[in-house]
Amino acid sequence: MKYEPHEENRAARLASAVQRVGVGGGLFRLVKTLALAVLLLGLGVFLLYMRLPWYLGAALIVIAAFVVLLDVVVLKRIAAVDLNASDKPAVGEVALEPGEILVDCIPAVMQYGKTRSVAVLGTGKVLLPENALLMTNKAIWALTVPLAGVDRVVADADIGKWQWLSAYQEIINALQEMISTLPLEELLKQGRAKRLMGWEEIKEARTLPFSQAISLTRTDGKKFGYSIRLKEDYQRAKEIFRIS
């Protein structure tokens, strides 16, 4: 069974809007670039006609062609982004421990302190798209609620970050629906979950001053920090991890 949203929600509309605005902005830039390219092309031809060193005119012509080509490539890349690519579940089985069951969750989170995304020519991928924490009786898991574009950078905009900021309720709603309709193993698989640590592996749990963020340190020294969108979920996380 695969989780399917009942209708296009705010998170999906936000992702589509980012892509449409990116395409519109790309077209506008392309028009301006074409005007500049015509100017450079005309100047290059003029320099050649005046029998000045040929490489001056040739350089302007090459620059004109390059700037137009660059804008075309960026525009095509933005328009070609598949916002639903993150819907595909992880390949393989999720390694649950015997008797492992879900006991709690913290929705609408965003990892901090690490490189979040990479982008080239206007588009890219979010490296840390996890937007929820699940707590079982055995371990803490981070998973990605599969919203449209959650792991994509479109027109240099991190869609997952914008969803966390302005469409966090959709993360909450979708996670609750997944929890109520999917068995734990399938939930983790469809959310491309990562096992952060077992409860016995927690070396330190603390908050950050002047923020709604928690930091978990594993016994091997590896740290995981998450900003929590809603204050009530932040307070609940402090109770779960026994942070005073």
Side-chain angles (χ1 to χ4, degrees), residues 86 88-120 124-147 150-153 158-165 168 171-172 174-175 178-179 182-244:
S86 58
K88 300 174 183 177
V91 177
E93 300 299 320
V94 175
L96 291 173
E97 294 185 33
E100 188 166 2
I101 58 172
L102 180 65
V103 296
D104 214 332
C105 67
I106 301 293
V109 306
M110 182 172 64
Q111 191 168 172
Y112 67 85
K114 298 178 182 177
T115 301
R116 177 171 167 82
S117 62
V118 293
V120 177
K125 186 172 180 63
V126 177
L127 304 176
L128 303 171
E130 300 87 30
N131 53 16
L133 295 176
L134 294 188
M135 282 67 71
T136 70
N137 57 331
K138 304 285 186 178
I140 300 98
W141 297 77
L143 83 158
T144 303
V145 178
L147 303 176
V150 68
D151 60 350
R152 301 290 157 179
V153 176
D158 180 336
I159 292 180
K161 180 183 292 186
W162 281 103
Q163 289 171 338
W164 179 84
L165 284 169
Y168 56 86
I171 301 174
I172 297 170
L175 178 61
M178 292 176 74
I179 289 173
L182 300 175
L184 178 58
E185 184 174 354
E186 188 62 24
L187 169 63
L188 295 174
K189 186 175 181 180
Q190 291 197 23
R192 297 179 174 269
K194 300 175 184 178
R195 188 181 186 275
L196 301 184
M197 65 192 76
W199 289 99
E200 73 285 353
E201 295 178 271
I202 298 178
K203 180 180 179 181
E204 181 186 35
R206 64 185 183 89
T207 59
L208 270 66
F210 312 111
S211 70
Q212 291 182 182
I214 62 170
S215 175
L216 304 176
T217 303
R218 209 163 56 187
T219 50
D220 62 1
K222 190 168 185 179
K223 295 183 179 181
F224 301 89
Y226 289 91
S227 294
I228 302 172
R229 184 64 178 81
L230 294 182
K231 186 175 182 179
E232 54 265 37
D233 290 327
Y234 170 66
Q235 295 296 340
R236 194 156 50 82
K238 290 172 63 177
E239 295 175 3
I240 291 170
F241 295 109
R242 299 177 181 178
I243 303 172
S244 57

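- For the pair Asp151 (side chain) and Pro129 (backbone), a donor-acceptor distance under 3.5 Å is absent.
- Of all heavy-atom pairs spanning Leu128 and Arg116, the tightest one is O-NH1, 2.8 Å.
- Pairs engaging residues 228-237 under the side chain to side chain donor-acceptor pair (under 3.5 Å) rule: Asp104-Arg236, Asp233-Arg236 [sequence neighbours left out].
- Taking the side-chain hydrogen bond (donor to acceptor under 3.5 Å, both in side chains) definition, one finds that Glu97 meets it with Arg195, sequence neighbours left out.
- Between Trp141 and Thr136 the shortest side-chain heavy-atom distance falls below 4.5 Å.
- When every heavy atom of Val103 is checked against every heavy atom of Asn137, the shortest pair comes out as CG1-N, 3.9 Å.
- Atom CZ of Arg206 and atom CG of Leu216 lie 10.0 Å apart (nearest 0.5 Å).
- Of all heavy-atom pairs between Lys138 and Glu200, the closest is O-OE1, 4.3 Å.
- Atom CG of Leu230 is separated from atom CD1 of Ile106 by 10.0 Å, given to the nearest 0.5 angstrom.
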Derivation and outcome, salt bridge (Lys or Arg N to Asp or Glu O under 4.0 Å), residues Asp220 and Lys222: CA-CA 6 Å; Asp220 62 1; Lys222 190 168 185 179; over 6 Å; no
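- Taking 4.5 Å as the limit, every side-chain heavy atom of Arg218 sits out of range of all side-chain heavy atoms of Leu196.
- Once rounded to the nearest 0.5 Å, the distance linking CD of Glu185 with CG of Leu96 reads 5.5 Å.
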What verdict does the side chain to side chain contact (heavy atoms under 4.5 Å, CB included) test give for Val150 and Val145, after you've listed the backbone C-alpha separation in whole Å, the side-chain angles of each residue and the deciding distance to 0.1 Å? CA-CA 8 Å; Val150 68; Val145 178; over 6 Å; no
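- Taking the side-chain hydrogen bond (donor to acceptor under 3.5 Å, both in side chains) definition, one finds that Glu130 meets it with Gln111, Lys194, sequence neighbours left out.
- Closest heavy-atom contact between Ile243 and Ala205: CG1-O, 3.6 Å.
- Side-chain atoms of Gln163 and Asn131, non-hydrogen and from C-beta on, never get closer than 4.5 Å to each other.
- Shown are Leu134, Leu133, Leu143, Leu187; of these, the side chain to side chain contact (heavy atoms under 4.5 Å, CB included) with Cys105 is made only by Leu134.
- Residues Leu208 and Tyr112 form a side-chain contact, since some pair of their non-hydrogen atoms from C-beta on lies under 4.5 Å apart.
- Minimum interatomic distance between Ala142 and Tyr226 (heavy atoms only, all atoms of both residues): CB-OH, 3.4 Å.
- Remark: Gln212 pairs with no residue by the side-chain hydrogen bond (donor to acceptor under 3.5 Å, both in side chains) rule, at least two apart or across chains.
- We find the CG-CE distance between Asp158 and Met110 to be 7.5 Å, quoted to the nearest 0.5 Å.
- One finds the CG atom of Leu184 at 6.0 Å from the CD atom of Glu100 (value rounded to the nearest 0.5 Å).
- Residue pairs meeting the ring pair (Phe, Tyr, Trp, His ring centres under 6.0 Å) criterion with at least one partner in residues 184-203, sequence neighbours excluded, are Trp199-Phe241.
- The side-chain hydrogen bond (donor to acceptor under 3.5 Å, both in side chains) check on Thr207 picks up nothing, with sequence neighbours excluded.
- Considering only heavy atoms from C-beta on, Ser227 comes within 4.5 Å of Trp164 through its side chain.
- Here the closest heavy-atom approach between residue Val153 and residue Ser117 is recorded as CG2-CB, 3.7 Å.
- Within the model, atoms CD of Glu201 and OG1 of Thr219 stand 5.0 Å from one another, a figure rounded to the nearest 0.5 Å.
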